[in-house]
Amino acid sequence: MALQAPPELIGIHTNMPSTVPADVAKALQFGEPPPSGLLAEERGAWEQLDFFYKHGLGYAQEMMNRPQTLYGIADSPVGLAAWMLDHNTRSQALIARVFDGQPEGLTRDDILDNVTLYWLTNTAVSSARLYWESKLRLFAPKGVSIPAAVSVFPDEIYGAPKTWTEKAYPKLIYYNRLPKGGHFAAWEQPELFSEEIRAAFKSLR
């Protein structure tokens with residue numbers, strides 16, 4: 001929507017922004033050292049991305065390249081749950097703690113309800129096609145020219161540094177780093193997320 005920029009769209013909010021500079025993306029792709037001169041916040045994002053490229057990218061690549069081969073998760077509710085809950089290391093840890101008696105943001109019922117919704121509607125495989133149908137690079141800036149707001153949750157795949165964010169979104173109207181929350185922030189921390197939405201669009205009212 002932001003790239004199509006219809007006149008009715010006055011701004012966007014995202015908690016998984018695309019901000020990774022080309023030199024950083026290239027180094028990550030080819031297993032090279034990080035570019036010199038990264039600020040502390042940028043170095044932190046590099047380390048998160050480096051871990052993801054080495055240990056989590058396969059999850060996304062499977063859906064990007066062969067989404068229909070995931071039919072196995074549509075044959076078993078246990079397989080479906082395993083696929084959904086082990087999305088990435090941080091999300092898996094946030095979800096696992098609920099079953100270990102440490103509810104935070106989510107309850108056991110929240111998690112089971114989410115898996116059940118995919119199971120009963122048989123939409124596990126079709127939901128993965130989003131990755132296959134998108135022709136945009138995963139974390140690269142997309143050339144968004146309309147007003148944009150960004151919320152950074154600490155347990156996201158990577159915490160977008162403000163320096164990268166300002167370059168990727170030239171009309172950045174809001175940027176905030178949150179104390180908790182991960183890749184599924186709207187589900188896991190709905191109160192924080194809704195507060196971010198209100199703050200993000202306040203200047204556009």
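Every value quoted in this text rests on a predicted model; they were computed, and no experiment measured them.
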Completion exercise
Value for CD (Gln189) from CD (Glu195), rounded to nearest 0.5 Å, stands at 10.5 Å

Practice task
Say whether Leu120 and Trp83 are linked into one hydrophobic cluster, either directly or through other cluster members, by side-chain heavy-atom distances under 4.5 angstrom.
Solution key: yes

Exercise for the section: Determine whether Phe153 and Trp187 fall in the same hydrophobic cluster, where Ile, Leu, Val, Met, Phe, Trp and Tyr are linked whenever their side-chain heavy atoms lie under 4.5 Å apart. Expected result: no

Problem - Distance (rounded to the nearest 0.5 Å) between Leu178 CG and Leu192 CG - result: 5.5 Å

Handout entry: Check ion pair Glu41-Arg177 (N to O, under 4.0 angstrom)
Key = yes

Problem - Distance-only side-chain donor-acceptor flag, Glu196 / Asn176, under 3.5 Å - result: yes

Problem - Ring centres under 6.0 angstrom apart (Tyr53, Phe30) - result: no

Practice task
State, to 0.1 Å, how close Pro141 and Val20 come at their nearest heavy-atom pair, and which atoms those are.
Solution key: CD-O, 3.2 Å

Completion exercise
Rounded to the nearest 0.5 angstrom, the CD-CZ distance for Gln92 and Arg97 is 11.5 Å

Problem - Hydrophobic cluster membership, Tyr175 vs Val144, 4.5 Å side-chain cutoff - result: yes

Practice task
Answer yes or no: does atom CZ of Phe184 have more than 12 heavy-atom neighbours from other residues, nucleotides or ligands under 6.0 Å?
Solution key: yes

Exercise for the section: Would you confirm whether the ring centroid of Tyr158 sits within less than 6.0 angstrom of the ring centroid of Phe139? Expected result: yes

Exercise for the section: Compare every heavy atom of Leu39 with every heavy atom of Glu42, then report the nearest pair and how far apart it is. Expected result: OE1-N, 2.8 Å

Problem - Leu94-Val98 co-clustered via ILVMFWY side chain contacts under 4.5 Å - result: no

Practice task
Return yes when atom CZ of Arg137 has more than 12 non-hydrogen atoms of other residues, nucleotides or ligands closer than 6.0 Å, and no otherwise.
Solution key: no

Problem - Leu117 side, atom CG; Leu112 side, atom CG - distance, nearest 0.5 Å - result: 12.5 Å

Fill in the blank from the handout: For Val152 and Ala160, the nearest pair of non-hydrogen atoms, with its separation, is CG2-O, 3.7 Å

Exercise for the section: Search all heavy atoms of Lys142 against all heavy atoms of Ser18 and return the closest pair with its distance. Expected result: NZ-OG, 2.9 Å

Practice task
Scan side-chain atoms only and decide if Asp113 and Thr116 contain a donor-acceptor pair under the 3.5 Å cut-off.
Solution key: no

Practice task
With side chain to side chain contact (heavy atoms under 4.5 Å, CB included) as the test, would you mind laying out the steps for Leu28 and Phe52 before giving the verdict?
Solution key: CA-CA 10 Å; Leu28 287 164; Phe52 177 75; over 6 Å; no

Practice task
Applying side chain to side chain contact (heavy atoms under 4.5 Å, CB included), run through Leu9 and Ile146 and close with a yes or a no.
Solution key: CA-CA 8 Å; Leu9 183 62; Ile146 64 174; 3.6 Å; yes

Handout entry: Note, Pro35 side chain near Val24 side chain (heavy atom, < 4.5 Å)
Key = yes

Exercise for the section: Please tell me if the side chains of Met84 and Asn114 come closer than 4.5 Å, counting only heavy atoms from C-beta onward. Expected result: yes

Exercise for the section: Would you check, one step at a time, whether the test side chain to side chain contact (heavy atoms under 4.5 Å, CB included) holds for Lys171 with Ser145? Expected result: CA-CA 7 Å; Lys171 291 186 180 176; Ser145 59; 5.6 Å; no

Problem - Residue pair Asp110 / Gly105: nearest heavy atoms and the distance that separates them - result: OD2-O, 4.0 Å

Exercise for the section: Would you check if Pro34 and Arg43 make a side-chain contact, meaning some heavy-atom pair closer than 4.5 Å? Expected result: yes

Practice task
State the CD-CZ distance between Glu188 and Phe193, to the nearest 0.5 angstrom.
Solution key: 12.0 Å

Handout entry: Test item: Ser76 side-chain N/O and Ile73 main-chain N/O as donor-acceptor pair under 3.5 Å
Key = no

Handout entry: CD1 on Ile173 to OG on Ser203, rounded to 0.5 Å
Key = 4.0 Å

Handout entry: CD (Glu191) with more than 12 external heavy atoms under 6.0 Å
Key = no

Handout entry: Over all atoms of both residues, closest heavy-atom pair of Arg90 and Ile157
Key = NH1-O, 3.7 Å

Practice task
Could you state whether Phe201 and Tyr174 fall into the same hydrophobic cluster, counting links through intermediate Ile, Leu, Val, Met, Phe, Trp or Tyr residues with side-chain heavy atoms under 4.5 angstrom apart?
Solution key: yes

